[in-house]
Number of protein chains: 2
Amino acid sequence: MRKGRASRAIPAEALAEWMETFRRHCAERGLAVTHQRAVIYRALASSDEHPTPERVYEQVRAEVPSISLGTVYKSIRTFTEAGLLREVNPLHESLRLDADLSNHHHAICVRCHRIQDLPEEALEPVRWRQRPPAGFRPERTKVEVLGVCAACAGNQ
Amino acid sequence: MRKGRASRAIPAEALAEWMETFRRHCAERGLAVTHQRAVIYRALASSDEHPTPERVYEQVRAEVPSISLGTVYKSIRTFTEAGLLREVNPLHESLRLDADLSNHHHAICVRCHRIQDLPEEALEPVRWRQRPPAGFRPERTKVEVLGVCAACAGNQ
DNA sequence: ATAGATGCAAAGGATTTGCAACTTA
DNA sequence: TAAGTTGCAAATCCTTTGCATCTAT
């Protein structure tokens with residue numbers, strides 16, 4: 001994991017625009033725009049390292065030393081539920097295992113987290129159009145199709 | 001999440017073959033083939049639900065009531081490190097966040113878990129060849145390119 | 001003024017670890 | 001028999017919760 005200050009390769013105006021969007025979204029959903037929330041959102045929007053809550057806490061504490069880790073967690077959850085933020089890893093609550101080592105993909109239910117196998121042939125092979133990031137050595141490509149499974153769709 | 005007995009749509013002979021492979025792999029790596037390990041591996045290889053360690057524990061306890069959850073965790077880790085088993089979610093240790101809601105993909109380092117963005121145009125669009133699983137309503141498709149990042153490749 | 005947000009501390013779940021007793025090769 | 005594995009309990013890490021105090025609307 002890289003250390004140091006993480007900054008998205010995005011100009012200050014774009015960040016300003018995101019902060020504006022942030023304020024609007026909060027207003028639309030009746031979320032108070034507190035100092036803490038603004039700082040937390042800014043830390044997230046200006047980072048390209050896909051940080052953990054702990055890492056966000058570190059960054060934010062530099063600006064608001066009295067902030068608590070609990071507030072960071074609560075804000076992140078609020079933002080995620082409001083659709084302002086996304087989890088990179090929808091299945092992070094617990095380890096999920098696969099004894100099938102052949103190449104295949106997964107269909108993941110965003111509601112119940114059921115995972116169904118997709119045979120490799122179910123999808124067109126993934127191909128590069130551009131070059132991979134400099135120095136990155138690709139080994140394996142997985143596709144996750146996120147959606148709603150039959151059971152969850154049936155439950156309304 | 002489905003309840004009940006999960007069974008992969010694989011005939012008994014294939015399972016027998018997997019168990020044989022399992023024994024061979026254990027032998028190759030100097031891993032003892034204990035009753036517990038065999039039962040744990042069988043539970044995993046015969047399931048299509050991508051179970052959690054807790055779920056494996058439930059299934060295995062039906063056969064070996066005295067087994068401990070710790071042993072299940074230790075065996076799973078041993079199997080994963082030996083390459084007999086794969087984690088569906090390599091990033092499950094902690095929540096990772098993304099404020100960029102536009103469609104894009106990720107390059108994930110399997111060593112340090114660094115996540116780099118891949119713009120959507122970096123890859124050919126993912127297309128279905130076959131039909132999605134019955135009743136599954138796809139919403140979004142994510143590609144994860146797993147590999148080794150520049151920093152980790154440099155460290156040997 | 002009031003609903004909602006914060007900070008703190010305690011609780012809860014997932015996973016790992018230490019160690020003595022037991023198995024496998 | 002020696003090295004490795006198990007079961008148990010305690011420890012650790014990540015995340016949520018309860019509650020009194022404070023703040024944005």
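Small disclaimer: the values here were computed from a predicted structure and weren't measured. Reckoned from all heavy atoms, side chains included, excluding hydrogens, waters and symmetry mates. All chains are named by letter (A, B, ...) in the order of the sequence lines, taking the proteins before the strands, and each is independently numbered beginning at 1.
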| request: Hey, could you give me each pair passing side-chain hydrogen bond (donor to acceptor under 3.5 Å, both in side chains) that has a residue in residues 126-136 of chain B? Not counting sequence neighbours. | output: none

| field | H104(B) and D98(B) side chains, donor-acceptor separation under 3.5 Å | value | yes

| Phosphate contact (dT15(D) OP1 or OP2) by Y73(A) side-chain N/O below 4.0 Å | yes

| Starting at CD of E93(B) and ending at P of dT16(C), how long is that distance when rounded to a whole Å? | 10 Å

| field | SB check E49(B) R55(B) (cutoff 4.0 Å) | value | yes

| Of the candidate nucleotides dT15(D), dT6(C), dT24(C), which contains the atom at the shortest distance from the side chain of A32(B)? | dT24(C)

| said: Any heavy-atom pair between the side chains of E63(B) and R42(B) that's under 4.5 Å? | reply: yes

| message | Roughly what angle, to 10°, lies between the helix axis at the start of the helix from dA1(C)-dT25(D) to dA25(C)-dT1(D) and the one at its end, five pairs per end? | response | 50°

| message | Does any part of the side chain of I115(B), heavy atoms only, come nearer than 4.5 Å to the side chain of L91(B), both counted from C-beta? | response | yes

| For dT23(C), does OP1 or OP2 lie under 4.0 Å from any side-chain N or O of Q36(B)? | no

| field | Distance in angstrom units between Y57(A) OH and dC13(D) C1', rounded | value | 15 Å

| note | Assert: residue with more 5' nearest nucleotide on DNA chain C, out of L95(A) and L31(B), is L95(A)

| request: Please assess F136(B) against I108(A) for the test side-chain contact (heavy atoms from CB on, under 4.5 Å), listing each intermediate value before the final yes or no. | output: CA-CA 9 Å; F136(B) 187 88; I108(A) 298 174; 5.9 Å; no

| said: Categorize T52(A) for me: base, sugar-phosphate, or nothing, with a 4.0 angstrom heavy-atom threshold over every strand shown. | reply: nothing

| query | Between Y41(A) and F79(A), how do the two ring planes meet: parallel, tilted or perpendicular, split at 30° and 60°? | reply | perpendicular

| remark: Closest of dG7(C), dA5(C), dC8(D) to the S66(A) side chain is dG7(C)

| Euclidean distance, atom CZ of residue R37(B) to atom C1' of dT5(D) [Å, nearest integer] | 6 Å

| note | Whole-Å distance, H113(A) NE2 to dA14(C) P, equals 14 Å

| note | Heavy-atom nearest nucleotide on DNA chain D taken for S68(B) and for G70(A); more 5' hit belongs to S68(B)

| said: What's the closest nucleotide to the side chain of K74(A) if the choices are dG18(D), dA24(D), dT15(C)? | reply: dG18(D)

| task | Take atom CG of L69(B) and atom C1' of dA9(D), then tell me their distance rounded to the nearest Å. | result | 13 Å

| Between S94(A) and dG13(C), is there a side-chain N or O to OP1/OP2 distance below 4.0 Å? | no

| field | Rounded distance in Å - CZ (R55(B)) to C1' (dA14(C)) | value | 17 Å

| request: Using atom CD1 of I67(A) as one end and atom P of dT23(D) as the other, report the distance to the nearest whole Å. | output: 14 Å

| field | Sub-4.5 Å side-chain heavy-atom contact between N89(A) and H92(B) | value | no

| remark: Residues in residues 75-92 of chain A with a heavy atom under 4.0 Å of DNA chain D, by number, are R77(A), H92(A)

| note | Taking dT25(D), dT24(C), dA5(C) as options, the one with an atom nearest any side-chain atom of V33(A) is dT25(D)

| G30(A) or E54(B): which one's nearest nucleotide on DNA chain C is closer to the 5' end? | G30(A)

| task | Report yes if at least one side-chain N or O of T71(A) is closer than 4.0 Å to OP1 or OP2 of dG7(C); otherwise report no. | result | yes

| query | Looking only at heavy atoms, what is the nearest atom pair of S75(B) and I40(B), with distance? | reply | OG-CD1, 3.5 Å

| said: One thing to verify: whether E20(B) and R24(B) come together as a salt bridge, which I'm taking to mean a side-chain N less than 4.0 angstrom from a carboxylate O. | reply: no

| task | Grab the CZ-P distance between R96(B) and dT15(D) for me, whole Å please. | result | 11 Å

